[in-house]
Amino acid sequence: MSDDDVAIDMTGVEQILLQLRRLKQESRLTYRELESRATAVGDVLPRSTLASALRGPGLPRREVVAAFLRACLNPTDAERWLRGFDRHAAANGYEQRDAGPPVAADAAVDASTGGLLVPSGPRAAPLPRQLPTLGRHFVGRRSELVLLDKALLSEDGRVAVVSGMAGAGKTVLALRWAHAAASAFPDGQIFVNLRGFGPQPALTVTAALGQLLGSLGIPADHVPSDDEQAAALFRSMTADLRLLVVLDDAHDADQVRPVLPGGRHARVIVTSRDRLLGLVVRDGAGSVDVGVLNEPDAVDLIGRIVGPEVLAAEPAAARDLARIVGYLPLAIRIAAADLPSGLADPIATRARQLAAGNRLTHLETRGDPGSALATAFRHSHSRLEPTAQRLFALIGLLPMTEFDQSVAAALLGVPTSAAEPAVLGLADAHLLTVVGCRVFVHDLVHEYAADLVVRTVPGAHREAAVRRAYGYYLRRLLAAGRLLSPQLIQLEKHGGEMFGDPGHAIAWLDQEYEHLRSAALLASDRGVPDMAWRLAAALRVRFMSHRDMDGWFAVTRAGLAALRAHRARAGNVLRVRAMLRTSLALAHLFLGEPAEAMDNARWGARSSRQAGWLRCETSARSILAVQHSRIGHIRAAERQLMHVRNRQRAAGDTSGAGIALNNLGTVRMLTGRLDLAAPDLERALTLQTANNARRGTASVLINLGHLELERGRLGSAAERLTRAINLYERLGDVEGQAAASGYLAVVRLFQGDATVARQIAVSGLRALRGLTDPHAQALLLCGLATVRRVTGQHRLSITYLHRALRLSLVATSAQPYAEALIGLAHGHLRRGELDLAGARATQALELAREAGYRGFEGMTLGVQAAIAARAGDRAGAAWLALESADILRERGFDLALAHSLIVHCEATGDASNGEEIKTLLAEAADSFRSSAGW
C-alpha cells in the first residue's frame with residue numbers, strides 16, 4: 001500500500017465498516033446532509049442506501065463508498081481513502097455486496113477474525129417490524145408515557161426500565177409507547193421476550209443475541225458462538241441504526257447488559273418485575289415505575305372490556321369491582337372478562353363473588369392458567385433469595401398491608417438492619433413498596449402471601465412470628481400509654497422508652513391505630529389469643545382521646561371472648577377480666593349508657609377485689625361514682641369517691657388518688673361546696689402534675705377553670721382553661737379541647753370580649769360533631785347557648801338548649817339537664833315569654849333540690865326573682881333574690897350571687913349591696929352590672 005493511500009490495516013469486513021462509521025461520526029453529518037452533499041457534486045447517494053451500507057454485514061459497493069467519501073471529505077482525502085479501500089478489498093478477496101437493508105442470506109462467519117465473508121448473489125433481509133399488536137384496552141398512564149418520552153427521546157437517553165408488580169401492565173405500556181414512537185426508528189423495531197419471570201427458563205444471553213442478530217438478517221448458524229463476539233457484532237451492526245429494541249420481562253441486569261445495541265441512535269425499553277437498579281446506576285438507564293390504576297382509569301378499563309352500555313347501567317358497581325381487585329390492570333381484565341351472563345347486574349354480581357371469597361381463586365382465565373394472578377405471583381416469589389422468600393410468606397400472617405420495617409424484622413426475628421436486604425429485595429421485585437420506613441403491600445399480593453404461609457411455614461413457626469410482630473406493637477403501645485396517660489392502669493409494664501416526646505407517640509398511634517385494632521380483633525385467629533386482651537387493655541390510651549366507640553367495644557369484647565376460650569393462657573384470669581370489664585364500663589359511661597356502665601363497673605370492682613388489685617378496683621368504683629353523679633345520685637357518688645380516695649391514700653397510690661380527688665372535687669361542685677371542691681382540685685392538680693399525667697392534669701384544669709368562673713375569678717379561669725386546651729391539643733384529644741372551650745367561651749363573654757367568645761363558640765360547635773359522649777355534648781351546648789343568649793341570638797340559644805335537654809335524657813344526666821333548664825328560663829325571660837320562663841325555672845328548681853345541686857338551686861331562685869320582677873311582683877322578686885343570695889353566698893358562687901343581688905337592688909331600689917356587687921364583678925365587664933346584661 002503506497003504512502004498516498006489511507007492505511008486500513010484492520011482485518012475483516014466488520015472492521016472496515018467500523019472505520020467507515022467512525023468517519024461518519026467524525027464528520028458530524030446526518031444521513032440527510034450526506035445525501036445533499038453527494039447530490040451537489042453529481043453523486044447519487046440515497047440516505048437509506050447509505051444507512052444500509054454502513055450497518056453491514058457485507059462489504060458495500062464501491063460506488064456507494066466512493067460517494068460517501070466524497071460527501072464526507074475533501075477530494076484529496078476522499079481519493080486516498082478510496083484507494084486504501086480498494087487495495088484492502090482486493091488483497092483479502094472480499095466481494096462487495098449491494099447496499100440495502102441487511103443482510104446477505106448466505107453470509108459465513110470467520111470465527112478467527114469476527115469478520116464476515118460475503119459471497120456473491122446476496123439476498124436482502126427485511127427491516128425488523130416485530131412489535132406485537134397492541135390491544136384496544138389500554139387506558140391512562142399519561143405520566144408514565146411522559147417519563148418514557150423523557151428517558152428515550154432525549155439526546156443522551158438510551159435505555160428505559162419499565163418496572164412494576166405482576167399484572168401492572170408493564171408490557172402493554174412499553175408497547176403503547178413503542179407503537180406511538182415507531183416512526184422515529186426507521187431502521188426497525190425488535191421485540192424479545194427474555195422470559196425472566198415465566199414458567200419457562202429465562203432466555204440465555206446466547207439465545208437473546210441469536211434472536212437479535214437474526215432480526216437483523218444473520219442466520220442462526222452464522223451467529224458467533226462466543227457471547228462476547230456475538231454481542232460485539234450486534235453492537236457494531238447497530239452502531240448507526242435508528243433502532244428500537246423492546247426487551248420484555250427481564251430477570252436481572254446481567255441478562256440485559258450484554259444485549260444492548262451500540263451507537264447513539266438506538267433505544268431500548270426493558271420491562272421487568274425487578275427494578276434493575278444495576279442498569280439505572282451503572283448504565284444510566286431511565287426508570288419508570290408502573291403502579292396500579294387510579295379509579296377513573298380502572299373504571300374506564302372495565303368499560304372497554306364489558307362495553308359502554310353495561311358500564312353505564314352499573315357505574316357504582318364498576319367502581320366497587322375496581323376497588324375489590326385493588327385497581328390492578330390484570331386483575332381488572334380477568335374480573336371484567338368473566339362476568340356472569342343472564343343477570344341484570346353482572347358487574348355487581350361479579351364484585352360480590354370476589355368480595356365474598358378468596359379473590360385469587362376467582363381471578364383466573366379458564367383454559368389459560370398461565371394468566372392467573374396467583375401464577376404470576378408464584379413466579380415472582382420463586383426468583384427471590386431464601387430470606388426474602390421467607391419474609392414474603394410471613395407477611396401473610398399480618399392483618400394489615402401497611403407496616404413499619406421494624407415489623408418485618410420482628411417477623412424474621414432479626415434486628416431491623418439485618419431485615420433490610422430482604423425488604424429491599426421484595427421491593428425490587430415489586431412484591432411490596434417501601435416509602436421511608438414504611439412498607440406497603442398490595443391487597444392481592446398480601447392475599448397470596450397469606451395462602452403461601454399456611455402451605456410453606458410450620459404452625460409453630462407461624463405462631464412464633466406472629467407473637468414477635470404483635471409483641472413489637474404491644475411494647476410500643478404500652479410505651480405510648482405510659483408517656484401520654486400514665487394514670488391509666490395496665491395489665492403489664494412496657495419495656496422502656498420508645499418515643500422522644502408526646503407528639504411522636506401521638507403520631508405513631510394515629511398512624512397505627514387501624515392496624516392495632518385489626519391485630520387485636522384477629523389475634524385469636526392468628527394463634528395468639530392472649531394478645532387479644534393484652535392489646536385491648538393497652539389500646540385504652542387511644543380510646544380515651546379519640547373515642548372510636550365501635551372500635552372500643554369490638555376490641556374489648558374480642559378480648560373477653562378470647563379470655564373465655566383460652567383461660568389457661570391468661571395467667572391471672574381475674575385481673576384480665578377486671579381490666580376489660582372496667583374498660584367497658586368507661587366506654588358505656590362515655591356513650592351515655594348508665595345501666596351498662598354501672599353493671600360493668602360492678603363486675604370490674606368485684607373481679608379486682610378477688611384478684612387483690614387495688615388500682616383496678618378503685619378505678620372501677622370511681623367510674624361507678626361518676627355514673628351515680630351523672631344520674632343525680634350525688635350523695636352516693638360523694639361517699640363512694642371519698643372511700644376510693646382514702647384507700648388510695650393508704651396504699652400510697654398518688655396517681656389513683658389524683659383521679660379520685662378530681663372526681664370528688666367535681667361532685668362537690670355539684671353539691672355546691674366550692675369551699676371543699678377547691679382544695680380537692682388543687683391537690684389533684686399537684687398529684688397529676690407530679691406524675692406527669694398530661695391528660696389527668698388537663699382534666700383537673702378544666703374543673704378548676706369552671707370553679708374559678710363560678711367564683712367570678714375570670715382571669716384565673718381563663719388561664720386554667722387555656723392551659724387545659726393546650727394540653728389536650730398536644731395530646732390530640734378533641735373531646736377534651738371541646739369541653740374546655742365551652743367554659744372558656746363563657747369566661748371571655750363575661751370579660752367583655754364577645755367577639756372572641758363567639759369565635760370560641762363556633763369552634764366548639766364544630767368540635768361538637770366529633771364528640772360521642774352525650775353528657776359532654778349537652779354541657780358544651782349549655783355553655784355555647786349562654787354566649788348566644790347574652791350576645792342577643794336568643795332563638796339560636798334556645799335551639800342549643802333544647803338539643804342539650806334531649807342529649808341529657810339520652811344519657812340520663814341530671815347536671816346538663818338542670819343547666820339547660822336554667823338556661824331556657826333565662827332565654828325565655830329575655831324574650832319576654834314569662835310563662836315559659838317560669839315553667840322551666842320551676843322544673844330546674846325541683847330537679848336541683850331532688851339531686852342536691854345547691855348551687856343550681858340558688859341560681860334558679862335568682863332566675864325566678866328576675867321573672868317576678870319582670871312581671872311586676874317586686875316583693876316576690878326581692879324575697880326570691882334574698883333567698884337565692886343566701887344560698888349562693890354560703891356556697892361561694894360569686895358570679896351568680898352578683899346577679900341575684902342586682903335583681904334585688906332593681907326590685908327594691910335599695911343600693912346598699914352596691915359595693916358587694918362591685919367586688920363580686922370586679923373582673924366582669926360593665927354590661928353585667930344590670931339584670932338586663934345576663
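Here the structure is a predicted model, which means the values were calculated and not measured.
- With contacts defined as side-chain heavy-atom distances shorter than 4.5 Å, the pair Leu707/Met669 qualifies.
- Side-chain rings of Phe553 and His588 approach one another, their centers coming within less than 6.0 Å.
- Using a 4.0 Å cut-off between charged side-chain N and carboxylate O, Arg647 and Glu617 make a salt bridge.
- Counting non-hydrogen atoms of other residues, nucleotides and ligands closer than 6.0 Å to CZ of Arg482 gives a total of 12 or fewer.
- Proximity of Val280 to Arg275: side-chain heavy atoms (C-beta onward) are nowhere separated by under 4.5 Å.
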- Begin with the C-alpha distance, continue with both residues' side-chain angles, and end with the deciding distance and a verdict on salt bridge (Lys or Arg N to Asp or Glu O under 4.0 Å) for Asp530 and Arg467. CA-CA 10 Å; Asp530 57 302; Arg467 187 167 296 283; 3.0 Å; yes
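- Taking the side chain as every heavy atom from C-beta outward, Val700 and Asn703 never approach each other to under 4.5 Å.
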- Give the intermediate values and the outcome of side-chain contact (heavy atoms from CB on, under 4.5 Å) for residues Thr433 and Val439. CA-CA 6 Å; Thr433 302; Val439 175; over 6 Å; no
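- Ser629 pairs with exactly one of Leu664, Val667, Thr666 by the side-chain contact (heavy atoms from CB on, under 4.5 Å) rule, that one being Val667.
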- Message: Evaluate Phe403 against His515 for side-chain contact (heavy atoms from CB on, under 4.5 Å), listing each step before the verdict.
- Response: CA-CA 8 Å; Phe403 48 88; His515 306 146; 5.8 Å; no
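- The line from SG of Cys616 to CE of Met579 is 5.5 Å long, rounded to the nearest 0.5 Å.
- Within the 4.5 Å cutoff, the side chain of Leu709 has heavy atoms near those of the Leu895 side chain.
- Distance check: Arg615 CZ to Thr582 OG1 gives 11.5 Å after rounding to the nearest 0.5 Å.
- With rounding to the nearest 0.5 Å, the separation of CE in Met544 from CD in Gln487 is 7.0 Å.
- Inspection of the Arg695 and Ser485 side chains reveals an N or O donor paired with an N or O acceptor under 3.5 Å.
- Side-chain atoms of Trp552 and Ser583 form a donor-acceptor pair, as typed in the model, at a separation below 3.5 Å.
- Between Arg713 and the choices Glu708, Glu719, Glu923, the salt bridge (charged side-chain N to carboxylate O under 4.0 Å, His left out) rule is met once, by Glu708.
- Each of Leu681, Asp680, Leu687 was compared with Arg683 under the side-chain contact (heavy atoms from CB on, under 4.5 Å) criterion, and only Leu687 meets it.
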Identify every side-chain donor-acceptor pair in residues 746-755 under 3.5 Å, counting partners at least two apart or on other chains, and give the distances.
residue: Arg748; atom: NH1; partner: Gln751; partner atom: OE1; Å: 2.8
residue: Asp753; atom: OD1; partner: Val756; partner atom: N; Å: 3.2

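- Under a 4.0 Å N-O distance rule, the pair Asp510/Arg542 qualifies as a salt bridge.
- In this structure, Leu491 and Trp533 approach most closely via the heavy-atom pair CD1-O, 4.0 Å.
- For the residue pair Thr618 and Gln648, a side-chain donor N or O sits within less than 3.5 Å of a side-chain acceptor on the partner.
- Nearest heavy atom pair, residue His430 against residue Met165, reads O-CB, 3.1 Å.
- Using a 4.0 Å cut-off between a side-chain N of Lys or Arg and a carboxylate O of Asp or Glu, Arg630 and Asp773 qualify as a salt bridge.
- Expressed to the nearest 0.5 Å, how far SG of Cys437 lies from CG of Asp404 amounts to 6.0 Å.
- With 3.5 Å as the limit, one finds no donor-acceptor pair spanning the side chains of Ser655 and Asn691.
- At least one side-chain heavy atom of Tyr472 sits under 4.5 Å from a side-chain heavy atom of Arg475.
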- Message: Please evaluate residues Tyr800 and Leu765 with respect to the criterion side-chain contact (heavy atoms from CB on, under 4.5 Å), reporting the C-alpha separation (whole Å), side-chain torsions for both, the decisive distance (0.1 Å), and the verdict.
- Response: CA-CA 10 Å; Tyr800 287 178; Leu765 191 62; 3.4 Å; yes
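- For the atom pair NE2 of His446 and CE of Met400, the computed distance is 8.0 Å after rounding to the nearest 0.5 Å.
- Aromatic ring orientation, Phe499 versus Trp508: tilted (interplanar angle from 30° to 60°).
- One finds the OG atom of Ser813 at 9.5 Å from the CG atom of Leu807 (value rounded to the nearest 0.5 Å).
- For the residue pair Ser545 and Glu735, no side-chain donor N or O sits within less than 3.5 Å of a side-chain acceptor on the partner.
- Other residues, nucleotides and ligands contribute more than 12 heavy atoms inside 6.0 Å of the CZ atom of Arg569.
- Side-chain atoms of Met531 and Leu474, non-hydrogen and from C-beta on, do get closer than 4.5 Å to each other.
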- Chi angles and distances behind the side-chain contact (heavy atoms from CB on, under 4.5 Å) call for Ile702, His706: CA-CA 6 Å; Ile702 289 180; His706 182 200; 5.5 Å; no
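- Side-chain atoms of Ile395 and Leu426, non-hydrogen and from C-beta on, do get closer than 4.5 Å to each other.
- Annotation: cation-pi pair Arg547/Phe590 present, NZ/CZ under 6.0 Å from the ring centroid and within 45° of its normal.
- Counting heavy atoms from C-beta outward, Arg534 and Glu492 have side chains that approach closer than 4.5 Å.
- Residues Arg581 and Glu596 are not paired through a salt bridge, judged by the lack of any N-O separation under 4.0 Å between the basic side chain and the carboxylate.
- A salt bridge is absent between Arg694 and Glu729: the closest approach of a Lys/Arg side-chain nitrogen to an acidic carboxylate oxygen does not fall below 4.0 angstrom.
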